[in-house]
> 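Before we start, here is the structure in question, set down as structure tokens.
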Amino acid sequence: LSGLRLEIKFDLTKMSGFKLQTPVSQLIKTGKGGGGVDEPKTRDSFRREKDLEEDRKLGLEPACVDVDTGRDINPHIPQFITQNPWYVPSDGATLKHQRPHWERQQDPDSGVHDWYKRGQQEVSSKPVKFRAGSCENCGAMTHKKRDCFERPRKQGAKFTNDDIAADDYIQPKLKMGFEAKRDRWNGYDNAAYSEVIKDHEKQEEVRKMIKAEKAKEEKKAAEEAAAKEKEEKEGASADEKTEEKEGSQGEEEDEDLYAEDAQMETKVDMDSSTRITVRNLRIREDTAKYLYNLNENAPYYDPKSRSMRENPLLGVKGKEQQAAKFSGENFVRYSGEVVAANEAQVFAWSARCQGIDVHALAEPTRLEQLQKDFKSESKDVKQETKKKLLEKYGGSEHLEAVPKELLLAQSETYVEYTRKGTLIKGEERPLIKSRYEEDVYPKNHSSIYGSFWANGRWGFRCCHSFVRQSYCIGEQGYAVNDEMAALPKLTKKESTTKEETRDEKMEEAEKKEEVKKEAEESSSSSSSSSDSSSDSEDSDEEREREKKKKEEADAEEKRRAEREQRQRERRREKRKRRTEKMGGKR
């Protein structure tokens, strides 16, 4: 195969990856397995298509040609755009399916130049004869008798066949799209505005004519005034003429110096028919900047911008007041955002030296973002180095200085102490007192109640107990209390029944205790009576016994009152529980 050259010619109408789509109806007509379907691709053909696609993208091969339009198809367009769907058949690669099909639109939108005709009410041609189907009143073809706007005739045009009206102009029905409906210049006619221009030109011509007439009248009046003044001057003496001239010259100088009442204008007669007014932008008594200092080393004056950077009278003796009036315009260079702009420019130069291609004028946003990132990173680096130095050498306590108010602890109250520290004069500092007990751990606990939380309940951290009045047994109570916490919670009904049974048991126990106490008291009273009969002679003992009896009776009454109070509270709690139950059921 040496020396053999293999030349492969590709079809320009076929793109790589293009699949010929044939409609189902055409397949049915041609039969099963009919023509129009691409043959299955092999590995070599697929590789060839890929190479062709790459060459077309690189410009080594000519681009694919559109079958319908004959234009080149951009090889960088993806396949899902160039591939036509099955319902838009084509013989080769094309982009026809991506373009609007105007022939398929039954009701297209109106054009740019389509608009309603303004001011046209009827057709120019007037009919001579009555036509069938036209208005019976006026004879127009565009409306009926009931819609006619003309005055009702005694005999209509249908019967007289006289003075038949012209047909009304029917405006076209325009169909406008989304943009046309919202276009504020839609229907604008440039010819209509030409009438406005013509009216303006006419007004301008009339204004010029009036202005020219006024100028002629003023000129005539000035000439008459000049002739009268000449006659008066000729009659006056030479001395009076000289005095008048001196006075007029003084007035002109005053007007030039103080031009406040002259409206800052000077009129120059360029021609007899026209006048030009020139406005003075500077008061004549003000001295120009470049005239303050005429030395060789005077500050630079820029004539283009009319600015003098430095103070021209700085350091000149005897002109301190004038120097205070104008101190130069150099401050503008260091005011506003000028400083920030200069810093940004310097940062751009330094970044360019480091290899970052950024320009202050071409990319200001990027430069600002880079400057912000650089400042934040440099700040972080400084903090990290400071932190490392403090960790290595220490001394952070010296940096965290106490405020002067706390350091000196100054106040307006006068207090006097002895050498030993006892108070002589004044009041001591009031200690901060809390309404709660602090550092108090009851029942052998080493932590406060509420330092532990589990299963929705508060407890002690030292023993994991949830009972507030419990006795602490230390770490031994972890397992017991955790098991108690892991037990399932009782429902509201079970808890209420258990409380009721508990209250009943407590009442029974109290009754038993009362019976026992009464039996003991009866036995003690019988023994005391026997003793009194035997020892009747001893009166002191009897008095003591009576006292004891009284004390016991008082104690018994107190116990009975407490018992009754407890019973009343239990009954009240029972009633409360019943009402809560009834409310929950409801």
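Excluded from the calculations below are hydrogen atoms, water molecules and symmetry mates; all remaining heavy atoms, backbone and side chain alike, are included. Computed from a prediction, not measured in an experiment: that's the story for all the values here.
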> Got P299 and K289 here, is their nearest side-chain heavy-atom distance under 4.5 Å?
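Side chain of P299 against side chain of K289, heavy atoms only: no contact under 4.5 Å found.
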
> Walk me through whether T82 and H97 qualify under side-chain contact (heavy atoms from CB on, under 4.5 Å).
CA-CA 9 Å; T82 56; H97 55 279; 5.8 Å; no

> Any sub-3.5 Å donor-acceptor pair from N161's side-chain atoms to F130's backbone N or O?
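Yes, the answer is positive, given that a donor and an acceptor are paired below the 3.5 Å cut-off.
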
> Are F347 and V358 side-chain neighbours, meaning at least one heavy-atom pair lies under 4.5 Å?
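Heavy-atom side-chain distance check fails, nothing below 4.5 Å.
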
> How long is the span from the CD1 atom in I81 to the CD1 atom in I73, to the nearest 0.5 Å?
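Here the interatomic distance stands at 12.0 Å.
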
> Mind checking side chain to side chain contact (heavy atoms under 4.5 Å, CB included) for M141 and listing every partner two or more places apart, or none if nothing turns up?
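Scan of M141 (side chain to side chain contact (heavy atoms under 4.5 Å, CB included), adjacent residues dropped) gives R131, S134, D167.
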
> Let me confirm one number: the CD-NZ distance from Q371 to K375, rounded to the nearest 0.5 Å.
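The NZ atom of K375 is 4.5 Å from CD of Q371, to the nearest 0.5 Å.
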
> Checking the side chain of D114 only, and the main-chain atoms of L174 only, is there a donor and an acceptor separated by less than 3.5 Å?
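Side chain of D114 to backbone of L174, a donor-acceptor pair under 3.5 Å: no, none is there.
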
> Side-chain contact, heavy-atom cut-off 4.5 Å: R352 with D357?
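Yes, at least one pair of side-chain atoms sits under 4.5 Å.
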
> Which heavy atom of G92 sits nearest to which heavy atom of S90, and what is that distance?
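Looking at all heavy atoms of both residues, the closest pair is O-OG, 3.0 Å.
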
> If you count heavy atoms of other groups shown closer than 6.0 angstrom to OH of Y290, is the number above 12?
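It does not: Y290 OH has 12 such atoms or fewer within range.
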
> Does CH2 in W453 sit with more than 12 non-hydrogen atoms of other residues, nucleotides or ligands closer than 6.0 Å?
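Enclosed.
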
> Give a yes or no on whether K96 atom NZ has more than 12 heavy-atom contacts from other residues, nucleotides or ligands under 6.0 Å away.
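Not more than 12 within 6.0 Å, no.
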
> Above 12 or not: heavy atoms from other molecules or residues under 6.0 Å from OH of Y188?
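Atom OH in Y188 is packed in, count exceeds 12.
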
> Using 0.5 Å steps for rounding, measure from the SG atom of C148 to the CD atom of E136.
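The SG atom of C148 sits 10.5 Å away from the CD atom of E136.
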
> Does a side-chain N-to-carboxylate-O contact under 4.0 Å join R153 and D162?
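So R153 does not pair with D162 through a salt bridge.
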
> State which residues pass side-chain hydrogen bond (donor to acceptor under 3.5 Å, both in side chains) with D44; sequence neighbours excluded, sorted by chain then number.
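Listed in chain order: R47.
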
> Determine, for K57 against E53, whether the closest basic-nitrogen to carboxylate-oxygen distance falls under 4.0 angstrom.
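Here K57 pairs with E53 in a salt bridge, since their nearest N and O are under 4.0 Å apart.
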
> With a 4.5 Å limit on heavy-atom distance, are the side chains of Q171 and Y169 in contact?
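They are in contact (side-chain heavy atoms under 4.5 Å apart), so the answer is yes.
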
> Say you draw a straight line from CZ of R71 to CG of D66; how long is it, rounded to the nearest 0.5 Å?
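CG of D66 is found 8.5 Å from CZ of R71.
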
> Would a distance-only check, ignoring hydrogens and angles, find a side-chain to backbone donor-acceptor pair under 3.5 Å from N295 to N297?
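Here the side-chain-to-backbone pair does not exist.
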
> Which pairs, with at least one residue in residues 358-368 and sequence neighbours excluded, count as a side chain to side chain donor-acceptor pair (under 3.5 Å)?
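Counting only pairs at least two positions apart or across chains, the side chain to side chain donor-acceptor pair (under 3.5 Å) contacts touching residues 358-368 are E363-R366.
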
> May I ask you to decide if E61's main-chain N or O and D55's side chain share a donor-acceptor pair within less than 3.5 Å?
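No: the side chain of D55 does not pair with the backbone of E61.
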
> Write down the atom of E150, the atom of A165, and the distance for their closest heavy-atom approach.
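The answer is OE1-CB, 4.0 Å.
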
> With no hydrogens and no angle check, is any side-chain donor or acceptor of S110 less than 3.5 Å from a backbone partner on M176?
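Pair absent, no side-chain N/O of S110 close to backbone of M176.
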
> Which atom names give the shortest non-hydrogen contact between A348 and L367, and what distance separates them?
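Taking A348 first and L367 second, the nearest heavy atoms are CB-CD1, 3.8 Å.
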
> Got a sec, which residues hit side chain to side chain contact (heavy atoms under 4.5 Å, CB included) with D189, two or more places apart in sequence or on another chain?
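For D189, the residues satisfying side chain to side chain contact (heavy atoms under 4.5 Å, CB included) (neighbours in sequence not counted) are A191, A192.
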
> Would you indicate whether H200, at its atom NE2, is surrounded by more than 12 heavy atoms from other residues, nucleotides or ligands within a distance under 6.0 Å?
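Atom NE2 in H200 is not crowded, with 12 or fewer foreign heavy atoms closer than 6.0 Å.
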
> Do E204 and R207 sit within salt-bridge range, that is, some charged N less than 4.0 Å from a carboxylate O?
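Between R207 and E204 there is a salt bridge, with a charged N closer than 4.0 Å to a carboxylate O.
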
> Out of curiosity, K208 NZ to E205 CD, how far, rounded to the nearest 0.5 Å?
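Going from NZ on K208 over to CD on E205, the span is 7.5 Å.
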
> Return the set of residues passing salt bridge (Lys or Arg N to Asp or Glu O under 4.0 Å) with E343 (not counting sequence neighbours), or none when no residue passes.
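Residues passing salt bridge (Lys or Arg N to Asp or Glu O under 4.0 Å) with E343: none at all.
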
> Got a second to check how far E377's CD is from K379's NZ, nearest 0.5 Å?
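Rounded to the nearest 0.5 Å, the CD-NZ separation comes out at 13.5 Å.
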
> For atom CD of Q383, is the number of surrounding heavy atoms from other residues, nucleotides or ligands below 6.0 Å larger than 12?
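Counting other residues, nucleotides and ligands, CD of Q383 exceeds 12 neighbours.
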
> Taking all non-hydrogen atoms of both residues into account, name the closest pair between N293 and A298 and its distance.
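Smallest heavy-atom distance, with atoms named: O-CB, 3.5 Å.
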
> Quick check against the 3.5 Å criterion: does D183 have a side-chain atom that pairs as donor or acceptor with the backbone of E179?
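No, D183 side chain to E179 backbone: no donor-acceptor pair under 3.5 Å.
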
> Locate the shortest heavy-atom distance separating Y301 from R306; write the atom from each residue and the value.
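So the two residues come closest at OH-CA, 3.5 Å.
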
> Does atom CD (Q98) have a neighbourhood of more than 12 heavy atoms from anything else shown, all under 6.0 Å?
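Enclosed: over 12 neighbouring heavy atoms sit under 6.0 Å from CD of Q98.
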
> Please report the closest heavy-atom contact between A93 and C64, naming both atoms and the distance.
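Minimum heavy-atom contact is CB-SG, 3.8 Å.
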
> With sequence neighbours left out, write down each residue that passes side-chain hydrogen bond (donor to acceptor under 3.5 Å, both in side chains) with S350, or none if nothing qualifies.
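For S350, no residue satisfies side-chain hydrogen bond (donor to acceptor under 3.5 Å, both in side chains) once neighbours in sequence are set aside.
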
> I would like to know whether Y292 and N311 meet side-chain contact (heavy atoms from CB on, under 4.5 Å); could you show each step before the answer?
CA-CA 10 Å; Y292 279 124; N311 191 349; over 6 Å; no

> Do I164 and V128 make a side-chain contact, defined as non-hydrogen atoms from C-beta onward lying under 4.5 Å apart?
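No, too far: nothing below the 4.5 Å cut-off.
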
